[in-house]
Amino acid sequence: MTERIFLSSPHMSGKEQHYINQAFETNWIAPLGPNVDAFEREIADYVKMTDAAATSSGTAAIHLALELLGVGKEDVVFCSSLTFIASANPILYSGATPVFIDSEVTTWNMSPVALEKALKDAKEKGELPRAIIIVNLYGQVAMMDELVKLSEEYGVPIVEDAAESLGALYKGQPSGSFGRFGIFSFNGNKIITTSGGGMLVSNDAQALKKARFLATQARDPAIHYQHSVVGYNYRLSNILAGVGRAQLQVLDERVNTRRAIFNRYVEALGEIEGLKFMPELEDTYGNRWLTTFTLDPKKVKVTPHELIEELGKENIEARPVWKPLHLQPLFEGCEFYAHGTDDIVSEWLFETGVCLPSGSNMTIEQQNKVIKKIKKVLILKMEN
Ligand SMILES: *Cc1c(COP(=O)(O)O)cnc(C)c1O
């Protein structure tokens, strides 16, 4: 069997070991230490925010953001529907109620039209949400001008889930820097990784100070162990932060490589009728974390599932686009706001979308193999 071609696998730079060794030599084997401090500073600088707090995961960072915004049992939180479950699980941790917002077709991210409808309704009911979690899928930033404007108009803060979009730009501004809080993930499949980890960023240094407090069991300043509020064990290890520092140094290279992989897919497959790649919004620069496309069922006789299965036979990992959260059994009965009146955009993307192997450590030969197989499956079927 040939080696498996993954969707997105860890890609080390070779410099990680240096920082890990440093942690060992100084015995900073703890969820704090010089690598954590430096990694926080470096990420904050990279995304042009004043401060950052390193966490054990991106999910933990979202949970802390909601806690800092005071989200509790009586509250509603809006969230993009087309995303990974981790975007919304923290809403449940906080005991709040999620309302899901549809996508629009130009970025696949939160629809400002649907968000406006939802905000208008909420205001009429006197139940404005405590926060809006906006996700930047597959490395592309959402329509931030429109979304930020609505957030300001209704006075509801944004938590930007930029777990998949570190290194992306929107009109020159870094992804993750549009909300009151931004979050990143360094899980093994993300564009840079610490094997597991996350980051909470903000221009509110006071809030991040509180985040660090909550993330270390909320210990009151006393020599004995004293606690007045619920805390968590959410900090990042100093060893893993060292991995993150080395990874951050090659982030721009990783973005370039993923964009080049995307461009090669487009060159090879862009002419196929009914196959449409995820667009890139004008004046934005995505990190193309994953190359994704849709297959128009009216023009292509192969379903995404058939294509994914065929690729699987060659030991190539491909996947459908995220299943919208409003369709998940976990969120049955939750409110949902669609973009339009006919088709639901997020459902259509789920039904027609495919994610391709896009890791920055993929070889040209591996990519050619993926391309060849896709062509074979799609074109053969068309001729039948
Ligand atoms: C990966 C991911 C997360 C969660 O990050 P973890 O570090 O795995 O907890 C959150 N949101 C999105 C959109 C993600 O892709």
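Remember, it's 1-based here, ligands and their atoms both numbered in the order they're listed. Each residue takes its place number in the sequence, starting with 1. Bear in mind that the values here come from a model prediction, so they are computed numbers and not experimental data. Just the heavy atoms: all of them, side chains too, but no hydrogens, waters or symmetry mates, feed the values below.
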In ligand 1, which numbered atoms sit nearer than 4.0 Å to a non-hydrogen atom of [X]?
X      : value
Val135 : 13 (C)
Thr83  : 13 (C)
Ser57  : 7 (O), 9 (O)
Ala86  : 3 (C), 4 (C), 10 (C)
Ser87  : 11 (N), 13 (C)
Gly58  : 5 (O), 6 (P), 7 (O), 9 (O)

(request) Just do the side-chain contact (heavy atoms from CB on, under 4.5 Å) check on Thr216 and Leu32 with the steps written out, would you? (result) CA-CA 10 Å; Thr216 45; Leu32 82 177; over 6 Å; no

Could you say whether the N/O atoms of [X] and ligand 1 ever approach to under 3.5 Å?
X      : value
Ile183 : no
Ser185 : yes
Trp289 : no

(request) Could you tell me whether His227 atom NE2 has more than 12 heavy atoms of other residues or ligands within 6.0 Å of it? (result)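 For His227, atom NE2 is crowded (more than 12 foreign heavy atoms under 6.0 Å).
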
I'd like to know if [X] and [Y] make a salt bridge, using a cut-off of under 4.0 Å between side-chain N and carboxylate O.
X      : Y      : value
Glu146 : Lys149 : no
Glu40  : Arg212 : yes
Lys117 : Asp121 : no

May I ask you to identify, for [X], whether its side chain, its backbone, both or neither come under 4.0 Å of ligand 1 on a heavy-atom basis?
X      : answer
Thr59  : both
Ala163 : side chain
Asn189 : neither

(message) Parallel, tilted or perpendicular, judged at 30° and 60°: which one describes the rings of Tyr93 and His63?
(response)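 The arrangement is perpendicular - the two ring planes meet at more than 60°.
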
(message) The test is side-chain contact (heavy atoms from CB on, under 4.5 Å); show your working for Tyr337 and Asp102 and say whether it passes.
(response) CA-CA 6 Å; Tyr337 281 86; Asp102 202 7; over 6 Å; no

(request) Compute the minimum heavy-atom distance from Gly198 to ligand 1 and say whether it is under 4.0 Å. (result)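 Flag not set, Gly198 not near ligand 1.
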
(request) Please confirm whether Gly197 comes under 4.0 Å of ligand 1, counting heavy atoms of the residue only. (result) yes

(request) Compare Asn187, Asp161, Thr193, Ile133 and give the one whose heavy atom is closest to atom 10 (C) of ligand 1. (result)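 Of the listed residues, Asp161 has the closest heavy atom.
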
(message) Using heavy-atom distances only, which candidate in Met199, Lys190, Glu164 approaches atom 2 (C) of ligand 1 most closely?
(response)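 Closest candidate by heavy-atom distance is Lys190.
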
(message) Looking at Phe277, I'd like to know if the NZ or CZ of Arg288 sits under 6.0 Å from its six-membered ring centre while staying within 45 degrees of the ring's axis.
(response) no

(request) Would you please indicate if the ring centroids of Phe336 and His326 are separated by under 6.0 Å? (result) yes

(message) Less than 3.5 Å apart, any donor N or O on the side chain of Glu280 or Gln140 sitting next to an acceptor on the other?
(response)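 Side chains of Glu280 and Gln140: no pair found under 3.5 Å.
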
